[in-house]
Amino acid sequence: MTEKIKVALLGAGNVGSQAARILVEDNATLAERIGAPVELIGIAVRDTQAARHWDADPALYTTDADALIDAADVVIELTGGIEPARTRILRALQAGKSVVSGNKALLAKHGVELQAAADASGAQLSYEAAVAGAIPILRPLRDSLAGDRVTRVLGIMNGTTNYILDQMDTTGASFADALKDAQDLGYAEADPTADVEGHDAASKAAIVASLAFHADFTIDDVHVEGITGVSAEDVAAAEADGYVIKLLAVCERDGEGVNIRVNPTLIPRSHPLAGVHGAFNAVFVQAENAGELMFYGPGAGGAPTASAVLGDFVSLARRLVLGGPGVPDTSYVQLQATGLGNIVSRYSVGLLVEDKLGVLSNLTRILTEHGISVESLRQSSPEDGTAMIRIVTHSAKDSDLRRAIAVIDGLDTVREITSVIRVENN
Ligand code: HSE
């Protein structure tokens, strides 16, 4: 066996504590797999006395992250947030120390800078845990599919919103009640903004798109719409038409660029992603030669996410022992992130209208004038002089649809456009 590999852990939250546990409890097994002894030399935290999900040797806790990084061979960063995580990771990479991180927000914003620092010093940077928890998706994109051409990725990459939408679908709950349920169960934070507004999934989509299309994208390249506007009526109407609403991250080729978006989406109940219930995540990948692949599993949680962290650690530690370079990310393609205007999709549009003669023909005339053809139309009249209308369109350009909606919204007989949701068929 070669020399001992000294590991510094930054952060002892839910995932950090579980990573520490595995490093200590499975130490002998990890050493066998790596081909060298492994030692957790310290855990950098803000408060050395705080309660933890797993209690490491108290002597391991320190508030001096820089000294710990300087003494280590490998750094595992599980603190989250942009700073001081960015500065600390750069410190490690610039000193040639390989880094494992689960920090999606940081990687989606500063991934290019961090990768450049790793490349400059010959260190490795791995971050499987940043996307979809335990699910191996980044390594398959970077490694297993390196000889193929990915055309599209559809992902349920946020467990909290999948839980909420699944509750709405299976119990008829409102968004507010399903969110409260998710908070009671500990899925959603007290401030659930990052989840329900789609920002968490958008970070993951930027990371996935970069690896899938060998180009550099950041969170600023992602069009984001969360699920706060999805109503029980939208969910019921989708169900009546044979669909389920999911918050999908979609990364797909769009002409000479790539379109990356996170938005509520209707998918047919027969689609593999429709069977992803509760807080589970799944990523559906379409590639030219492989065809369709789906990766499924727990997208969050201490031990599942720590599993991905340790997988990265063993993989890069093995390479330290063997002396070879890691499998690098490639971003050799200059691809632009595209706007939504040219995206072609079907749409489900919900409207609350006056129940009067000519309202329907007015709606269909405006759609026709914008080149949008109606696939199905459903109306219910609650006998208060109004009608709820649900139109599913054939494929239409986003810009045409938006223009038609703006005209419809100006009609005296239209009280409210209650929702406009994309429909994905495959
Ligand atoms: N809050 C995330 C989710 C987990 O609900 O999936 C970490 O990304």
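Count residues from 1 along the sequence. Counting starts at 1 for both ligands and their atoms, in listed order.
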Could you check atom 5 (O) of ligand 1 against the protein and tell me its nearest heavy-atom contact, residue, atom and distance included? Thr160 OG1, 2.5 Å

List the atom of Ile267, the atom of Ala274, and the distance in Å for their closest heavy-atom pair. CD1-N, 3.6 Å

Closest heavy-atom pair and its distance - Ala12, Val45: CB-CG1, 3.6 Å

So, the side chain of Asp312 versus the backbone of Tyr127: is there a donor-acceptor pair under 3.5 Å, distance only? yes

Any atoms of ligand 1 less than 4.0 Å from a non-hydrogen atom of [X]? List them with their elements.
{"X": "Asp200", "value": "2 (C), 8 (O)"}
{"X": "Asn158", "value": "1 (N), 2 (C), 3 (C), 5 (O), 6 (O)"}
{"X": "Ala300", "value": "4 (C)"}
{"X": "Lys104", "value": "7 (C), 8 (O)"}
{"X": "Gly159", "value": "3 (C), 5 (O), 6 (O)"}
{"X": "Lys204", "value": "6 (O), 7 (C), 8 (O)"}

Should the proximity of Asp195 to ligand 1, defined as any heavy atom under 4.0 Å, be assigned to the side chain, the backbone, both, or neither? side chain

Determine whether Arg21 and Asp26 satisfy the following criterion, salt bridge (Lys or Arg N to Asp or Glu O under 4.0 Å), listing intermediate values before the conclusion. CA-CA 8 Å; Arg21 177 186 63 77; Asp26 294 346; 5.4 Å; no

Tell me whether the NZ or CZ atom of Arg139 lies within the 45° cone about the ring axis of Phe295 and under 6.0 Å from its centre. no

Tell me, please, whether Tyr61 has Arg52 positioned over its six-membered ring: NZ or CZ under 6.0 Å from the ring centre and within 45 degrees of its axis? yes

